[in-house]
Amino acid sequence: MPPPPAPGEELLDGLPGWGATATRVGMFRLVPVVPERDLALLTGWMNDPEVAEFWELDGPAERTEAHLRAQLDGDGRSVPVLGTLDGRPMSYWEVYRADLDPIARHYPSRPHDTGVHLLLGPAADRGRGTGAALLRAVAELVLAHRPRCGRVVAEPDVRNVRSVAAFHRAGFRTLQEAELPDKRAAIVVRDR
């Protein structure tokens, strides 16, 4: 019997093998999170006050690890990945099947809608247009590697005006606002 597929292999059309892409800020690649290698880095990012305000995962490493494990041990609907820029880990992403996620109850979802969550780790990478460049790159990767996906979806907190603006600069448009269990979100989409 063959081994089970790695997270992202089936539901997200082989996400771990999507490869690198050139952006205006450097070569960008999504690489699978390996908790043994990445937990300290991610915990540090989650404890940055600017990140913690919206991710709400600050605290001990066990809290970050539990968040990662829920995805890594799940069915592949959500895959946690690091974003590397010229080989340097500098962002954390969750690529997920929005149509199979509870978010689908809050907007007119379509089959194979693919969602993204993003945080830029080091403060030096924020506020310089890096987020918009990487959001554009990830949306293009999703649409290139997921032929059944017609759009990329995200739901940033409406209070996070810098994030919403980055999505708009990356070619997303606001579809609607929605009251989610933990926030009021701007549902943003980037169509194929």
Side-chain angles (χ1 to χ4, degrees), residues 1-23 27-39 41-42 45-46 55 57 63-85 87 89-121 131 133-156 167 170-172 175 178 180-182 185 187-192:
M1 177 181 277
E9 290 290 324
E10 286 183 0
L11 290 174
L12 287 167
D13 298 313
L15 171 94
W18 287 357
T21 188
T23 73
M27 286 302 290
F28 181 73
R29 178 185 300 270
L30 295 173
V31 297
V33 165
V34 176
E36 297 77 18
R37 176 192 69 204
D38 304 323
L39 184 59
L41 178 67
L42 291 172
W45 291 348
M46 293 298 182
W55 278 78
L57 288 171
R63 186 170 189 193
T64 301
E65 184 174 26
H67 180 78
L68 296 171
R69 284 279 164 221
Q71 295 170 86
L72 293 170
D73 296 341
D75 64 3
R77 291 174 191 223
S78 182
V79 177
V81 288
L82 283 179
T84 65
L85 196 54
M90 50 71 65
S91 55
Y92 171 72
W93 299 77
E94 293 170 352
V95 181
Y96 65 99
R97 285 287 301 270
D99 61 324
L100 303 177
D101 189 83
I103 188 69
R105 294 190 298 263
H106 298 277
Y107 79 102
S109 68
R110 297 178 185 163
H112 299 282
D113 277 358
T114 302
V116 296
H117 296 139
L118 157 70
L119 77 80
L120 295 179
L134 300 184
L135 286 165
R136 181 178 302 281
V138 168
E140 289 169 0
L141 282 169
V142 168
L143 295 172
H145 292 280
R146 300 209 63 242
R148 296 173 292 175
C149 173
R151 63 188 180 175
V152 181
V153 179
E155 77 281 352
F167 278 103
F172 288 73
L175 183 65
L180 304 183
D182 59 344
I187 307 295
V188 295
V189 298
R190 167 120 180 242
D191 296 296
R192 178 173 289 287

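Bear in mind that the values here come from a model prediction, so they are computed numbers and not experimental data. Counting begins at 1 with the first residue of the sequence.
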query = How would you list, by chain and number, every residue that makes a salt bridge (Lys or Arg N to Asp or Glu O under 4.0 Å) with Arg29, sequence neighbours excluded?
reply = none
key: Closest contact, heavy atoms only, Gly83 versus Leu30   = CA-CD2, 4.3 Å
key: Nearest heavy atoms of Pro156 and Val188, plus distance in Å   = CD-CG2, 4.0 Å
inquiry  = Contact between Pro89 and Asp38 at the side-chain level, heavy atoms closer than 4.5 Å - yes or no?
reply    = no
note = Nearest heavy-atom contact between Val116 and Tyr96 is N-CE2, 3.5 Å
request  = Quick one: list whatever passes salt bridge (Lys or Arg N to Asp or Glu O under 4.0 Å) with Arg146, sequence neighbours left out.
outcome  = Asp13
ask   = Under the criterion side-chain contact (heavy atoms from CB on, under 4.5 Å), which of Arg69, Arg63, Gln71 is the partner of His67?
value = Gln71
request  = Indicate the ring-plane relationship of Trp55 and His117, choosing parallel, tilted or perpendicular according to the 30° and 60° boundaries.
outcome  = perpendicular
query = What heavy-atom pair brings Phe172 and Val152 nearest, and what distance separates the two atoms?
reply = CE2-O, 3.6 Å
ask   = What pairs of residues pass the side-chain hydrogen bond (donor to acceptor under 3.5 Å, both in side chains) test when at least one of them lies in residues 99-111, not counting sequence neighbours?
value = Arg97-Asp99, Tyr107-Asp113
Contact summary for Cys149 and Leu143, nearest pair of heavy atoms = O-CD2, 3.7 Å
inquiry  = Among residues at least two apart in sequence or on other chains, which ones pass salt bridge (Lys or Arg N to Asp or Glu O under 4.0 Å) with Glu65?
reply    = none
task = Kindly state each residue pair satisfying salt bridge (charged side-chain N to carboxylate O under 4.0 Å, His left out) with at least one member in residues 75-85, sequence neighbours excluded.
result = Asp75-Arg77
ask   = Does Arg37 have any side-chain contact (heavy atoms from CB on, under 4.5 Å) partners at least two apart in sequence or in another chain, and if so, which?
value = Val31, Val34, Leu82
Side chain Thr114, main chain His112, donor-acceptor under 3.5 Å = yes
request  = Check step by step if side-chain contact (heavy atoms from CB on, under 4.5 Å) holds for Trp93 and Leu135.
outcome  = CA-CA 10 Å; Trp93 299 77; Leu135 286 165; 3.8 Å; yes
request  = Tell me, with the steps shown, if Trp45 and Thr64 meet side-chain contact (heavy atoms from CB on, under 4.5 Å).
outcome  = CA-CA 10 Å; Trp45 291 348; Thr64 301; over 6 Å; no
inquiry  = Set out, in order, the CA-CA distance, both residues' side-chain angles and the distance that settles side-chain contact (heavy atoms from CB on, under 4.5 Å) for Leu134 and Leu118, then state yes or no.
reply    = CA-CA 9 Å; Leu134 300 184; Leu118 157 70; 5.6 Å; no
